Structures are given as structure tokens and as C-alpha cells.
2 protein chains.
Amino acid sequence: MSKQAVVDALCCPPLSERRVPAETAAALAPALKALGDPVRLQLMSMIASAEGGEICVCDLTPAFDLTGPTISHHLRTLREAGLVDADRRGTWVYYRARPTVLHQLAALLTVVPTGTDATPAARSECS
Amino acid sequence: MSKQAVVDALCCPPLSERRVPAETAAALAPALKALGDPVRLQLMSMIASAEGGEICVCDLTPAFDLTGPTISHHLRTLREAGLVDADRRGTWVYYRARPTVLHQLAALLTVVPTGTDATPAARSECS
DNA sequence: TGTCTGATTCGACAGACGTCGAGACAGTGT
DNA sequence: ACACTGTCTCGACGTCTGTCGAATCAGACA
């Protein structure tokens, strides 16, 4: 995952503070795109809000009116966007959120009060 | 724009605090999808960070290696997602950011420290 | 080993998306 | 009225996406 490495290396000036450079846009857009589907947004939320920090695919699949392969496809998309991580434990596969990219997106979308001045309060911590 | 009304009416429990309901996901996903393209992410940033709060299409178009119609198409997508507003003033058309949806997205993507507890500091103001 | 269950991959299909060129529309200025 | 400039709409194109059923892979357990 070389793209993942790029995402990890970038950091988070709010979108409304200065123009986001092409490379940052290219690196972060795939994560936004991955969350830009209602099913994946719910999946992401279920994973991120899961008790114990992880959730089994077997709990994810029945929550939607979709087939197993389709859910699997959406989970793969989230995985490739660097938003979640999976690991198999015995028969079941568990998914866990990766907060790093989520942090970056939240910081990017933070709106500073007025157009041009830099407000430090708007900056969330970033690796 | 009935979808826009829905977006405006919704509000912002962080994605990682509790599972986002299907209706919220359906309402917010289009905005994330709209930002999930590198060109549109840069356009959004240029608009949101513009001096005076607005920017002319004639300043947007030459910043990309794309034709006018293509930029126009992307701007329409942002407009339909409720992220920007346009108005024509004489020959030129100016675009302005709508912070409401951006606020909601930032709040949604905010990651609360540990899986289950609600942290009030993570909540940004929301109309 | 064989079989069963859970999850992923593969192949296919309809629909959506990003891009372009050509044409239409809106305002300005002659 | 006419021409010019800036922006948008339309139609077309190849590509990507979401979905499914069928097949495959990974472990568990007889």
C-alpha cells in the first residue's frame, strides 16, 4: 500500500484556511470517496463505534439488505482507503477503525471562523 | 432542492460515538462523495479559502488542466451537494462556500478518544 | 480426511461518473 | 443591432462503481 504511506505522511491544514495542494487532494480524496457511499458510511460508523474497538463481519452483514459479497466489497474499499483494518481470528474476521485518516479528514473539513485568519483551536492533533 | 433541506435539518453525532442511522448516511454521503474527487476537493478549498469569501469562476478554471465545461460540471456537483452557492454578477459568476454542511461533516468525522464514551469537546457548533 | 460455515474473489451487468467538443445562453460594449 | 467574452448545457465517449450469483479460500470440527 504505497498510497497508504502517502496518506499517513500528510497533515492537516483546514481546507478553508489555505488552498489544499494537488498532492494532498489526491491523497485524501480517495478516503472521502470511500465514505461517500451510504452503506460504507454506516459500515464505517458501526466499526468505529463498536464496543471493544472491533466488530465481526458476521455482525455487519445482517445489518444491511445486501449480499455477503457486496458487503465484503465495501469493506475492501474502506480497507484500501486506509480507514479500517481487518484481521481474521479463527473462523471470523474482525474490523477495526484506523483513526489517523479520520483525524486528517476532520481537520481538513474544519471551518475556521472567518475566511483568512488561522485559528489554532480548529487544529486537531495529527500524527 | 428537497435533499438540501434534509441535510440542513440533520445534526452531528460523531461517527465513532454511535452508529449513524441510514437516513443520516443517505443525507450526508452525497456531500462526502462530492468531495471525493481531487479536482472538486481543490475547488472547494479554493472557494472556502478565497479572500472576501468568494471567488470568480474565471479564477478557478485556469488553475486546472481541464476544460471550462468540466470545471463547470464539478462546480455544479458541489452546488447540488449543498457545499457551495453561486451567483452571477454581471459577466462573471462567483462561488461562495456554505459552511453548514462542512460543519456537519467535520463533526461527523471527529473521532472521540475511546470507543464508547461521549466527549463534549469533540462537538462543534451546529445550526 | 471430509464436511460445514464464514468470508473473499471472480465474472458479469446496468448504471453512474469524468471528460471533452459543440452549441446555447447571459451580459457588456461598440 | 451586433459582436465579443464568460459560463453553462447537451450529447457522446470510455471508464469506474455497486450489485449479484457462482466459485474459491480459511478454519473448525467431526
Side-chain angles (χ1 to χ4, degrees), chain A residues 1 3 22 25-47 50 54-96, chain B residues 1 3 22 25-47 50 54-96:
Chain A
M1 313 299 159
K3 183 181 292 180
L28 256 19
L32 288 166
K33 185 178 192 174
L35 294 175
D37 178 280
V39 173
R40 286 195 295 264
L41 191 52
Q42 289 178 82
L43 282 171
M44 185 70 219
S45 177
M46 291 178 74
I47 295 167
E54 59 182 15
I55 188 169
C56 177
V57 172
C58 60
D59 291 325
L60 259 15
T61 304
F64 299 87
D65 209 15
L66 294 169
T67 64
T70 299
I71 296 297
S72 194
H73 159 70
H74 284 306
L75 289 172
R76 182 223 276 264
T77 302
L78 290 174
R79 228 165 42 223
E80 287 177 345
L83 289 162
V84 302
D85 236 352
D87 79 312
R88 159 164 243 136
R89 213 141 58 242
T91 306
W92 295 278
V93 177
Y94 293 86
Y95 276 77
R96 185 174 26 266
Chain B
M1 311 299 160
K3 184 181 291 179
L28 256 19
L32 289 165
K33 185 178 192 174
L35 294 175
D37 178 280
V39 173
R40 287 195 294 263
L41 191 52
Q42 288 178 83
L43 282 171
M44 184 71 219
S45 176
M46 291 178 74
I47 295 168
E54 60 182 16
I55 188 168
C56 176
V57 173
C58 60
D59 290 326
L60 259 14
T61 306
F64 299 88
D65 210 13
L66 294 169
T67 64
T70 299
I71 296 298
S72 193
H73 158 71
H74 284 307
L75 288 172
R76 181 222 278 264
T77 302
L78 290 175
R79 228 164 43 223
E80 289 178 343
L83 289 162
V84 301
D85 236 351
D87 77 314
R88 161 164 242 136
R89 212 142 58 240
T91 306
W92 293 279
V93 177
Y94 292 87
Y95 278 76
R96 187 175 25 267

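Keep in mind that what you see is a predicted model, and the values were worked out from it rather than measured. Order of the sequence lines sets the chain letters (A, B, ...), proteins ahead of strands, with each chain counted from 1.
- To the nearest 0.5 angstrom, A:M46 atom CE is 13.5 Å from A:Y95 atom OH.
- We find the CG-CE distance between B:L75 and B:M44 to be 10.5 Å, quoted to the nearest 0.5 Å.
- For the segment residues 87-94 of chain A, residues with any heavy atom less than 4.0 angstrom from an atom of DNA chain C are, sorted by number, A:R88, A:T91, A:W92, A:V93.
- Here the straight-line distance linking atom CD1 of B:I71 with atom OG1 of B:T67 works out to 7.5 Å at 0.5 Å rounding.
- Taking the 5' to 3' direction, DNA chain C first and last meets chain B under 4.0 angstrom from a heavy atom at C:dC17 to C:dT28.
- Once rounded to the nearest 0.5 Å, the distance linking CZ of A:R40 with CD1 of A:I47 reads 12.0 Å.
- With rounding to the nearest 0.5 Å, the separation of CD in A:Q42 from CG in A:D37 is 9.5 Å.
- Side-chain atoms of B:S72 do not come within 3.5 Å of backbone N or O of B:G68 as any donor-acceptor pair.
- The OG1 atom of B:T77 sits 4.0 Å away from atom NE2 of B:H73, with the distance rounded to the nearest 0.5 Å.
- A pairwise comparison of heavy atoms in A:V93 and A:A86 identifies CG1-CB, 4.1 Å as the closest pair.
- Within a heavy-atom distance below 4.0 Å of DNA chain C, no residue of residues 34-44 of chain A is found.
- When side chains are defined from C-beta on, B:V57 does not count as touching B:W92, because their heavy atoms never get closer than 4.5 Å.
- For A:A31 against A:A81, the heavy-atom pair with the smallest separation is CA-CB, 4.1 Å.
- Heavy-atom distances under 4.0 Å link DNA chain D to B:P69, B:S72, B:R76 of residues 63-76 of chain B, given in residue order.
- Of all non-hydrogen atoms in A:C58 and A:P62, the two that sit nearest each other are O-CD, 3.1 Å.
- For the residue pair B:A29 and A:L41, the shortest heavy atom distance occurs at N-CD2, 4.1 Å.
- Here the range on DNA chain D touched by chain B, meaning any atom under 4.0 Å from one of its heavy atoms, is D:dG6 to D:dT9.
- The two atoms that bring A:L66 and A:V39 nearest to each other are CD1-CG2, 3.8 Å, heavy atoms only.
- Residues meeting the side chain to side chain donor-acceptor pair (under 3.5 Å) test with B:R88, sequence neighbours left out: none.
- Summarising the local packing, CG of B:D65 is surrounded by 12 or fewer heavy atoms from other residues, nucleotides or ligands at distances under 6.0 Å.
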